[in-house]
> 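Dropping the structure in here first, questions after.
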Amino acid sequence: MTQESVKPSATASVEVAADPATAFRVFTEEIDLWWLRSPINFWDSGRVIAMRLEPGVGGRILEVYRSEPEDALELGTITVWEPGELLAYRSSVDDTETRVSFAAIDGGTRVTVVQSLVEGGDKAFYFWPNVIRWIPAWVARRDTTQHTPRELDRLAIGLYYEDPAAAARWLHTVFGLDSWDTIPAEGEHPSWIELHVGSAAVLLFKRTDQAAPAADHDVWVYVDDLDAHFAHAQSNGAKILSDIHQYGYRSYDAEDLEGHHWTFVQARPTQL
């Protein structure tokens with residue numbers, strides 16, 4: 001007997017307080033409302049204005065940069081469209097296929113996502129187990145809030161901890177800080193933790209040996225023209241810690257006159 005190979009995959013489920021037909025509509029029609037506009041949740045955070053999913057087989061999942069004329073990144077093409085039951089698409093940005101199923105349970109729907117590497121593929125970005133967690137919070141509040149995307153303020157604070165996940169749980173329990181995402185559970189150690197106070201973000205990072213003496217925290221500022229801001233700061237004596245670089249968001253890092261760490265990020269057109 002030959003042993004069958006198992007394709008690498010990532011699987012996650014959430015439960016939402018809505019029937020399967022509604023949960024399917026929320027997932028597809030309201031993707032721009034439940035998708036979190038954190039800097040790391042886009043391929044090009046500084047340009048994106050919306051997320052869009054076109055219905056039906058052959059429809060596209062898009063990260064939209066401009067509407068007229070259209071400028072968007074195609075994230076995938078829909079291969080299965082069964083409202084209230086199943087959605088599947090083939091990724092355009094890596095070698096995966098994703099299936100999202102909607103099963104009725106007591107009090108609502110279990111939404112399960114399975115993202116798998118296709119036969120012969122070698123590139124996979126397994127982001128769906130994290131993304132699927134954003135839907136229950138939106139379902140819980142969609143009947144009592146405006147149907148407009150939540151956008152971050154222009155100013156955020158970054159804090160450095162030996163154990164950012166434990167710090168997030170403590171800040172949530174003791175100070176009441178919440179998150180548009182989820183508070184990491186015991187044993188979870190995400191690379192990025194974002195808490196929120198209103199529309200302001202508190203970013204929690206792992207403390208490193210490279211941190212400057214004054215860098216137990218830093219300030220994040222979103223600016224309209226990152227290149228011009230960088231040139232101005234550099235010509236006026238800021239100590240540049242890192243040149244402009246892209247990681248979903250475009251940013252650079254600098255120190256002020258007493259060694260405090262500042263991160264400047266390209267703002268999205270939707271950020272007021």
> Taking 4.0 angstrom as the limit, do D32 and R52 come out as a salt bridge?
no
> Could you go through residues 10-21 and list every donor-acceptor pair under 3.5 Å that involves a side-chain atom there, pairing it with any protein atom two or more places apart or in another chain?
{"from": "S13", "atom 1": "OG", "to": "T112", "atom 2": "OG1", "distance (Å)": "2.7"}
{"from": "E15", "atom 1": "OE2", "to": "R110", "atom 2": "NH2", "distance (Å)": "3.1"}
{"from": "D19", "atom 1": "OD1", "to": "A21", "atom 2": "N", "distance (Å)": "3.1"}
{"from": "D19", "atom 1": "OD1", "to": "T22", "atom 2": "N", "distance (Å)": "3.0"}
{"from": "D19", "atom 1": "OD1", "to": "T22", "atom 2": "OG1", "distance (Å)": "3.3"}
{"from": "D19", "atom 1": "OD2", "to": "T22", "atom 2": "OG1", "distance (Å)": "2.9"}

> Using the ring of each side chain (for Trp, its six-membered ring), is W128 parallel, tilted or perpendicular to Y89, with breaks at 30° and 60°?
perpendicular
> Could you tell me whether the side chains of R37 and T270 share a donor-acceptor contact shorter than 3.5 Å?
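Yes - a donor-acceptor pair under 3.5 Å links their side chains.
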> For V114, which fellow cluster members are found when Ile, Leu, Val, Met, Phe, Trp and Tyr are connected by side-chain heavy-atom distances below 4.5 angstrom, either directly or through intermediates?
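Result for V114 is none, singleton.
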> Checking D256 now: which residues fulfil side-chain contact (heavy atoms from CB on, under 4.5 Å) with it, not counting sequence neighbours?
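With sequence neighbours excluded, D256 shows a side-chain contact (heavy atoms from CB on, under 4.5 Å) to E258, H260, W262, given in chain and number order.
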> Any salt bridge between R154 and D224, counting N to O under 4.0 Å?
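Salt bridge between R154 and D224, a charged N being under 4.0 Å from a carboxylate O: yes.
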> Anything under 30° is parallel, anything over 60° is perpendicular, the rest tilted; go ahead and classify W35 against W134.
perpendicular
> For D178, check side chain to side chain donor-acceptor pair (under 3.5 Å) against everything at least two apart and list the hits.
none
> When L87 is tested against each of T28, T98, T79 for side-chain contact (heavy atoms from CB on, under 4.5 Å), which residue passes?
T28
> Are there more than 12 heavy atoms of other residues, nucleotides or ligands under 6.0 Å from atom CD of E70?
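Yes - once you tally the heavy atoms of other residues, nucleotides and ligands closer than 6.0 Å, there are more than 12.
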> Under the side chain to side chain donor-acceptor pair (under 3.5 Å) rule, collect the residues that match up with E29, sequence neighbours excluded.
none
> Test of understanding: with side-chain contact (heavy atoms from CB on, under 4.5 Å), list the residues that count as partners of P269, not counting sequence neighbours.
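Partners of P269 by the side-chain contact (heavy atoms from CB on, under 4.5 Å) criterion, ordered by chain and then number, come out as I49.
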> Determine the interplanar angle of the W220 and F205 rings, folded into 0 to 90°, and report it as parallel if under 30°, tilted if 30 to 60°, perpendicular if over 60°.
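Correct class here is parallel.
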